[in-house]
Amino acid sequence: SLTADASGTCAPVLAMTDPGADCATTSAASCGTTGVCDGASACARWPSGTECATASCAAGIGTLPDTCDGTGTCEDNGTVGCGLYTCGATACRTACAAPSDCVAGYYCASGACMPLLSNGAACSRGIECTSTFCVDGRCCDGACLGTCVACSAALQGAGVDGTCGTIIAGTDPELECAMTPATTCGTTGDCSGSGTCALYAVGTTCG
């Protein structure tokens, strides 16, 4: 034995040394011996808290890293659910940067997963809406393609927020209709109320 005072008395070998090569060096994964003495007549083991199995994540379940207990056992630290977030490389995400970072039914807003919005709710992007369409600032049942159609009740006059409908007659809030001279008998610059640009009425003087 080798002691601090070298008094000639048998005593435990100094911690962190192994002059007699008595202690095997094992991997942290085994939680076994580290290759040195512990100063108490035994081979030192990997200390408590040493990672002995890496973390992982799959199908919305994060497996926490296992750790040594200091006595030679690799303890299972269990799993956690990812909640609203999807799995990252080895653990559950705790913030989002893209829609794919959130579970189905949620979208990413300023780093947080938020519930998708129903038709009629105020929106700024299609990814916020269950329908994927954001038209006239409302989650909508469609893209509202065509002339003089909108998804806002205010623009339709008697419509419903979230449902595509025709823009109220005599207005053109989306500036889709050209204003032509009456001499052409063309369009007046307003919507007709039936999903088209209004024409000059029958009987309008054109020349």
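Because the structure is predicted, anything quoted here is derived from the model rather than measured. Hydrogens, waters and symmetry mates are skipped; everything else that's a heavy atom, side chains included, is used. Throughout, numbering of the chain's residues begins at 1 and tracks the sequence.
Considering CG of Leu155 and CG of Asp161, their distance stands at 9.0 Å, rounded to 0.5 Å. Atom CD of residue Glu174 and atom CD1 of residue Ile167 lie 4.0 Å apart, to the nearest 0.5 angstrom. With rounding to the nearest 0.5 angstrom, the CG atom of Leu84 is 12.0 Å from the OG1 atom of Thr94. The CE atom of Met16 sits 11.5 Å away from atom CG of Leu14, with the distance rounded to the nearest 0.5 Å.
The two atoms that bring Asp101 and Ala95 nearest to each other are CB-O, 4.5 Å, heavy atoms only. The minimum heavy-atom distance linking Thr188 with Tyr200 is given by the pair CG2-N, 3.6 Å. The two residues Val80 and Cys92 make their nearest non-hydrogen contact at O-SG, 4.0 Å. Contact detail for Glu176 and Val149: the closest heavy-atom pair is OE1-N, 4.3 Å. Taking every heavy atom of both residues into account, Ala109 and Met114 meet most closely at CB-CG, 4.0 Å. Here the closest non-hydrogen pair linking Ala28 and Thr50 is CB-CG2, 3.9 Å.
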* side chain to side chain contact (heavy atoms under 4.5 Å, CB included) assessment of Cys82 paired with Cys87 -> CA-CA 7 Å; Cys82 294; Cys87 284; 4.0 Å; yes
* Decide yes or no on side chain to side chain contact (heavy atoms under 4.5 Å, CB included) for Cys123 and Glu128, but give the supporting numbers first. => CA-CA 7 Å; Cys123 61; Glu128 300 171 11; 3.5 Å; yes
* Are Gln156 and Ser152 close enough, and set up right, to give a side-chain hydrogen bond (donor to acceptor under 3.5 Å, both in side chains), and what steps lead you there? -> CA-CA 6 Å; Gln156 297 170 18; Ser152 164; over 6 Å; no
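Side-chain atoms of Cys52 and Ser30, non-hydrogen and from C-beta on, never get closer than 4.5 Å to each other. For the pair Arg138 and Val135, the minimum side-chain heavy-atom distance is 4.5 Å or more. Annotation: side chain of Ser56 is not in contact with side chain of Thr90 (no heavy-atom distance under 4.5 Å). Tyr107 is not listed as a side-chain neighbour of Pro99, based on a closest heavy-atom distance of 4.5 Å or more. A 4.5 Å side-chain heavy-atom check between Leu199 and Thr187 finds at least one atom pair inside the cut-off. At least one side-chain heavy atom of Cys37 sits less than 4.5 Å from a side-chain heavy atom of Cys23. For the pair Cys191/Cys177, a side-chain contact is recorded, criterion being any heavy-atom separation below 4.5 Å from C-beta on. For the pair Cys139/Leu117, a side-chain contact is recorded, criterion being any heavy-atom separation below 4.5 Å from C-beta on.
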Listing, residues 59-68 side-chain donor-acceptor contacts under 3.5 Å, not counting sequence neighbours, or none:
unit_1, atom_1, unit_2, atom_2, d
Asp66, OD1, Asn77, N, 3.2
Thr67, OG1, Asn77, ND2, 3.1

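Residues Arg93 and Thr86 have side chains that bring a donor and an acceptor to within less than 3.5 angstrom of each other.
Judged by distance alone, with hydrogens and angles left aside, the side-chain atoms of Ser192 form a donor-acceptor pair with the main-chain N or O of Ser194 at under 3.5 Å. Between the side chain of Ser131 and the backbone N or O of Phe133 there is at least one donor-acceptor pair closer than 3.5 Å. Distance alone, capped at 3.5 Å, places no donor-acceptor pair between the Trp46 side chain and the Thr71 backbone. Side-chain N or O atoms of Thr130 include none that pairs as donor or acceptor with a backbone N or O of Ser118 at under 3.5 Å. Between the Asp141 side chain and the Cys164 main chain, a donor and an acceptor come within less than 3.5 Å of each other.
Between Cys144 and Cys151 the SG-SG gap reaches or exceeds 2.5 angstrom. Taken together, the cysteine pair Cys74 and Cys31 keeps its SG atoms at least 2.5 Å away from each other. Cys108 has its SG atom at least 2.5 Å from the SG atom of Cys113.
When hydrophobic clusters are built by joining Ile, Leu, Val, Met, Phe, Trp and Tyr residues whose side-chain heavy atoms come closer than 4.5 Å, directly or via intermediates, Tyr85 is grouped together with Tyr106.
Judged as a side chain to side chain donor-acceptor pair (under 3.5 Å), and not counting sequence neighbours, Asp136 has no contacts.
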